[in-house]
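These notes are about the structure you will find just below.
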Amino acid sequence: MSRPQRGPRSAWKRAAALLALLALLAAFPAPPAPAPTLAALADGTPQAAVDRSEAPPGGQVTVTGRGWPAGALLTLLVCGQNMAGGTNDCANAEGRAVTTGADGAFRKDVPVPAPPKPCPCVVHVATVTGDSAAADAPLVVTGHPVAPLPERSGGERLGVLDARLEGADGLLTWFGAPPTRRLVVTVANLGSTPARNPTFRLGTSRGVLAPVWEDRPWHGTVAPGSKERVTLDVELAAGAYGDYLVSLEYGGKVLVEQPWDVSRPWGVTLFWILLGVVVPLAVFRAGMAVVDRVRPRAPRTPAKTPTPAPGDAAPLPWFTPGTDPRGTGSPPPG
């Protein structure tokens, strides 16, 4: 049996149904894609962004961030070479500091100086206190030179085989000069690629306080499977004493921690004790000298010779046998 042919009426119905479906879809437009805000990007890691991607030297950008620890103190630096060489690539004098809010967010206006190294440049945000965290926001500094980034393999893995603090306190340290030591570590490269000019982070802390970190670049190469001796100078503030801890970090991992018992500067204590004794004594003696000079003095009168009373015999001089006026050494007869 042959299949009946569809007429133009059925084709018209199909076209009408298709138009109705298109009209229904147009009545419900698709939701717009969300803007790539920091709130959408935050996944538990600190985030940082700038309000514009390019700014001239001497200009200003607004840096915002989310996902940071609440109440953390942050530093914001404009750096060249993507901060491959640490803070030496940054304009540290023009840096800014900001404290995050209770929600871990911040907003800060930062001047745009010319960094000491060529671009590509970033705004580097890092914590000062508490847990170590950092984030970079790309920024183009208009007119600033651009150079290729240094070769970074990323396959190095450094470990510490031996560590010690060398040095001793001198006489000046006993009187409050800054204590100094040398942290000598033997590092080995356990990775598959060489570590060229690694930048360590050296931190000093006292008691329960968080370490104060400082970038320390080391010029040299640690080949895979080899070891090198690295020496870094450590210096504390003047007059520091107590139990300190020296930490060395690389690649976000603490490699070694060395205790440092800093002696009290007893010379300063002795100085203050002597000052407390000598100064009052000098003031007392000066005061007594002034009092002795300004106090009134009684006039001096000559001593009077007593005169004999009338009728009294004049006192006779006493003669010794050798001074007898009669010239004899024998006493006068009775």
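If you read the sequence from its start, that first residue is 1, and numbering goes on from there. Keep in mind that the numbers below use all heavy atoms, side chains included, and drop hydrogens, waters and symmetry copies.
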Problem set entry | same_hphob_cluster(Val279, Ile273) at 4.5 Å side-chain heavy-atom cutoff | no
For this session: Establish, yes or no, whether the cationic atom of Arg206 lies under 6.0 Å from the six-membered ring centre of Tyr241 and within 45° of the ring axis.
Result: yes
Exercise. Taking it one step at a time, do Lys227 and Leu161 satisfy side-chain contact (heavy atoms from CB on, under 4.5 Å)?
Worked result: CA-CA 9 Å; Lys227 58 183 180 180; Leu161 303 179; 3.8 Å; yes
Exercise. What is the minimum heavy-atom distance between Pro116 and Ala91, and which atoms define it?
Worked result: CD-N, 3.7 Å
Exercise. Considering all heavy atoms of both residues, which atom of Leu74 and which atom of Val128 are nearest to each other, and what is their separation?
Worked result: C-CG2, 4.3 Å
Exercise. Nearest heavy-atom pair of Ala135 and Pro46: which atoms, and what distance?
Worked result: CB-O, 3.9 Å
For this session: Could you tell me whether a side-chain N or O of Asn189 sits under 3.5 Å from a main-chain N or O of Ser226, the two making a donor and an acceptor?
Result: no
Problem set entry | Chi angles and distances behind the side-chain contact (heavy atoms from CB on, under 4.5 Å) call for Asp169, Ser263 | CA-CA 8 Å; Asp169 296 333; Ser263 302; 4.3 Å; yes
Exercise. So do Cys90 and Cys79 have their SG atoms closer than 2.5 Å?
Worked result: yes
Seminar exercise, completed: Tested for side-chain contact (heavy atoms from CB on, under 4.5 Å) against Trp260, the lone hit among Val246, Thr204, Leu183 is Val246
Exercise. Nearest heavy-atom pair of Pro118 and Ala147: which atoms, and what distance?
Worked result: CG-CB, 3.6 Å
For this session: For Ser205 and Ala210, indicate whether the former's side chain and the latter's backbone hold a donor-acceptor pair under 3.5 Å.
Result: no
For this session: Examine Leu232 and Val212 and state if one hydrophobic cluster contains both, with Ile, Leu, Val, Met, Phe, Trp and Tyr joined whenever side-chain heavy atoms are less than 4.5 Å apart.
Result: no
Seminar exercise, completed: To the nearest 0.5 Å, atom CG of Asn88 lies from atom CE of Met83 at 9.0 Å
Exercise. Taking the side chain as C-beta and beyond, is there a heavy-atom pair between Thr62 and Val50 under 4.5 Å?
Worked result: no
Problem set entry | Pairwise side-chain contact, Pro198 with Leu158, heavy-atom cut-off 4.5 Å (strictly under) | yes
For this session: Can you measure from CZ (Arg157) to CG (Leu190) and round to the nearest 0.5 angstrom?
Result: 5.0 Å
Exercise. Just checking, any donor-acceptor pair under 3.5 angstrom between side chains of Thr142 and Glu54?
Worked result: yes
Problem set entry | Side-chain donor or acceptor of Glu166 paired with backbone N/O of Thr231 under 3.5 Å | no
Exercise. Can you find a heavy atom in the side chain of Pro179 that is under 4.5 Å from one in the side chain of Leu236?
Worked result: yes
Problem set entry | Over all atoms of both residues, closest heavy-atom pair of Ala168 and Arg181 | C-NH1, 3.6 Å
Exercise. According to a 4.5 Å side-chain heavy-atom criterion applied to Ile, Leu, Val, Met, Phe, Trp and Tyr, with indirect links allowed, do Val262 and Val234 form part of one hydrophobic cluster?
Worked result: yes
Exercise. Are the side chain of Thr100 and the backbone N or O of Pro69 linked by a donor-acceptor pair below 3.5 Å?
Worked result: yes
For this session: Check the surroundings of atom CZ in Arg52: do more than 12 heavy atoms from other residues, nucleotides or ligands lie under 6.0 Å from it?
Result: yes
For this session: Look at the rings of Phe200 and Tyr250 and say which category their plane angle falls in: under 30° parallel, 30 to 60° tilted, over 60° perpendicular.
Result: tilted
Exercise. Roughly how far apart are His219 NE2 and Arg196 CZ, rounded to 0.5 Å?
Worked result: 15.5 Å
For this session: Answer whether the closest heavy-atom distance between the side chains of Pro113 and Pro57 falls below 4.5 Å.
Result: no
Exercise. Side chain of Arg216, backbone of Asp233: donor and acceptor closer than 3.5 Å?
Worked result: yes
Exercise. Could you state the interatomic distance from OG1 (Thr99) to NZ (Lys108), rounded to the nearest 0.5 Å?
Worked result: 9.0 Å
For this session: Show your reasoning for whether side-chain contact (heavy atoms from CB on, under 4.5 Å) applies to Cys121 and Val141.
Result: CA-CA 7 Å; Cys121 301; Val141 181; 4.0 Å; yes
Exercise. Is there a donor-acceptor pair under 3.5 Å between the side chain of Trp68 and the backbone N or O of Asp103?
Worked result: no
For this session: Determine whether Ser247 and Trp213 make a side-chain contact, defined as any pair of heavy atoms from C-beta on separated by less than 4.5 Å.
Result: yes
Exercise. Are Asn92 and Leu77 side-chain neighbours, meaning at least one heavy-atom pair lies under 4.5 Å?
Worked result: yes
For this session: Let me see the working for Val98 and Leu76 under side-chain contact (heavy atoms from CB on, under 4.5 Å), right down to the final yes or no.
Result: CA-CA 8 Å; Val98 66; Leu76 297 88; 3.4 Å; yes
Exercise. Distance from Leu255 atom CG to Arg201 atom CZ, nearest 0.5 Å?
Worked result: 12.0 Å
Exercise. Mind checking whether Asp261 and Tyr244 have side chains closer than 4.5 Å, heavy atoms only?
Worked result: no
Exercise. Taking all atoms of both residues into account, what is the closest heavy-atom pair of Pro111 and Arg96, and its distance?
Worked result: CG-NH2, 3.5 Å
Exercise. Just by modelled atom types, is the Val122 backbone N or O under 3.5 Å from a matching donor or acceptor in the Asn82 side chain?
Worked result: no
Exercise. Does a donor on one side chain sit under 3.5 Å from an acceptor on the other, for Thr199 and Asp215?
Worked result: no
For this session: Please round to the nearest 0.5 Å and tell me the distance separating atom CG of Leu202 and atom CH2 of Trp218.
Result: 15.5 Å
For this session: For the residue pair Val61 and Leu139, establish whether any side-chain heavy-atom pair is separated by less than 4.5 Å.
Result: yes
